[in-house]
2 protein chains.
Amino acid sequence: MIMDTKTHRFVPGAEFPWQYKYEHMAVTTDCVIFTYEDWALKVLLVRRGEAPCKGMWAFPGGFLRNDETAEQGALRELKEETALVPSSPIVQLGVFSDVHRDPRERVLTVAFYALVKPSEVLGGDDAEEAAWFPVDAVPPLAFDHEKIFDAAMERLRRDIHFQPVGFDLLDETFTIPDLQRLYEAILGVKFDRRNFQRKILASGILEEAPVTAEPEMECFKESIPLEDMEITPEAVSMEPIERAPVHKKARPGRKGGWFTLNRKRYEELKEEEHKMEF
Amino acid sequence: MIMDTKTHRFVPGAEFPWQYKYEHMAVTTDCVIFTYEDWALKVLLVRRGEAPCKGMWAFPGGFLRNDETAEQGALRELKEETALVPSSPIVQLGVFSDVHRDPRERVLTVAFYALVKPSEVLGGDDAEEAAWFPVDAVPPLAFDHEKIFDAAMERLRRDIHFQPVGFDLLDETFTIPDLQRLYEAILGVKFDRRNFQRKILASGILEEAPVTAEPEMECFKESIPLEDMEITPEAVSMEPIERAPVHKKARPGRKGGWFTLNRKRYEELKEEEHKMEF
DNA sequence: GCAAAAGTGTTTCGTTTACACCCATGC
DNA sequence: GCATGGGTGTAAACGAAACACTTTTGC
């Protein structure tokens, strides 16, 4: 490590070994991880085991080390706290730098967001105090994480308009109505089935899935009921999720094609940033 | 200031008075300020007077203090170094956190960008070592500022598609062809005059300017010739600006209406984020 | 008076929207 | 067999793109 002893030094064995000529601040990362499961958009939260905000839910994250970039630190903390390694890249939301956002000391945080597929979610289950919450039923959050959450939701809604990121939330194989419901859930609007289908097919982003036996939608897997999750009183007292009707078993009328993502076209469309309205 | 003496302390009079239990990093801000003058998009740079990268050009910025948010710090440094106070808000580009981006110590920077009107530019002239460079003739930059510059250009191009930010670069009063040239300069494309005019008028973002005598386009004011600016040899050796033809005096055919921005509609369109293509 | 810039309007074409009927499945 | 969800096509309306002629001004 290159070190400028004019501005700072390291004193091994000292109680406060890192010493600086000028005041420094702590830097943390936080990750807002979204998934789409049981017809609802959900976020990943961890319960804080330490003060401050002990016992409250927060986004996975932690202090950034000096030998890693913000992205590396965010991924490391995410893995440490939830055992999750997203298959799609994490993207920067921005910094949150309110002076008093942490009572201990001045802490600036770099927030990220990422989208993961339902099949990736299982990996997080062995983490002790991590849980998925539907976005319309998140409990009160630690620090200024509600602000971060709002920013993430806004950003997701914008991105989903201009980039085909919805696919990062779906498993390999899905149907067009599945995709449509996802868009409707996130954007909170209804689309015409036929127009949606025509446009999405015309965009060339879908490929017919090879008919490997019976493709199983991850969405229909059994998942831990919301009530079994350890959540704060405030969270349980919230009204039940209205916009996410539960029909886990099967859907009548299922016949239509199964599709997969055309990776190449996906990358192209991501570049172009067309506004997708259905 | 609330201070957690478990993790850090302040020792008055000590050579290195700020002492921490864990390693900390420095945080800086950098501002990419754009303006549009003499038919060209330009950025504001300052010459570094100190090592490292002494003598090189860089974006105005500096260390973030513990008692200010990133936005406040960015504006403070900008004002200190260039005497510029942008009338439109600065927006976050993101953090740049490469581990070795500064040779002295670990420095994470929060980058911002902002758009200023030509009439605001004059205020920066008394700053000793600040200068405006056409975006296609920027000299080599200090640290990883080229990366920041690339990110800013990309962001500006995207934003100008979806938000009516072009107006932040123009003076109060302008003509439609002025506006069109600005869009063409930034996006590097040509539009049909008639379609551009029809669309921009239909959007309702323009108001006819009150005919106060003879409105003077700031673009036509005399400005310091490029050659008089103190720039690095690398910068002068670059080929002349091709995409920015210089006709400063006046344009034949000038007759048409002068317009101003309809603030209310501007805010609305900013929210909507329609893709503007002409 | 000529060249270069700017004002104006219409037609064509493609895309978007709205809408109706039939089929498949589960209870 | 009925309710629900899903597949398909078409006509009308709107917005985008292409395009020509005239007017103004500076040299």
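Order of the sequence lines sets the chain letters (A, B, ...), proteins ahead of strands, with each chain counted from 1.
Atom-to-atom, CD of A:Gln180 to C1' of D:dG7 comes out at 13 Å; the value is rounded to the nearest Å. Atom pair B:Trp258:CH2 and C:dG7:P shows a separation of 11 Å (rounding to whole Å applied). For the pair A:Glu208 CD and D:dG7 C1', the computed distance is 13 Å after rounding to whole Å. Between the CZ atom of B:Arg198 and the C1' atom of C:dT8 there is a distance of 10 Å, rounded to whole Å. Rounded to whole angstrom, the span from the CD1 atom of B:Ile200 across to the P atom of C:dG7 amounts to 13 Å. One interatomic measurement links the two molecules: NZ of B:Lys190 to C1' of D:dA17, which rounds to 17 Å at whole-angstrom precision. Distance, A:Phe191 CZ to C:dT17 C1': 14 Å, rounded to whole Å. Taking atom CG of B:Asp178 as the reference point, atom P of C:dA5 lies 13 Å away to the nearest angstrom.
Contact annotation: A:Gln197 side-chain N/O to D:dG6 OP1/OP2 distance is not under 4.0 Å.
Between A:His145 and A:Phe59, the ring-plane angle classifies as parallel under the 30° and 60° cut-offs.
Both B:Arg193 and B:Lys199 lie near DNA chain D, and the one whose nearest nucleotide falls closer to the 5' end is B:Lys199. Each of B:Asn195 and A:Asp192 was matched to the nucleotide of DNA chain D holding its nearest heavy atom; the match closer to the 5' end belongs to A:Asp192.
Electrostatic pairing of A:Arg265 and A:Glu268 counts as a salt bridge here, judged by a charged N lying under 4.0 Å from a carboxylate O.
Although no hydrogens or angles enter the test, the distance criterion places no donor-acceptor pair under 3.5 Å between the side chain of A:Gln92 and the main chain of A:Ala111.
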>> Between B:Phe112 and B:Ile148, does the side-chain contact (heavy atoms from CB on, under 4.5 Å) criterion hold? Intermediate values first, please.
In response: CA-CA 9 Å; B:Phe112 293 85; B:Ile148 295 175; over 6 Å; no
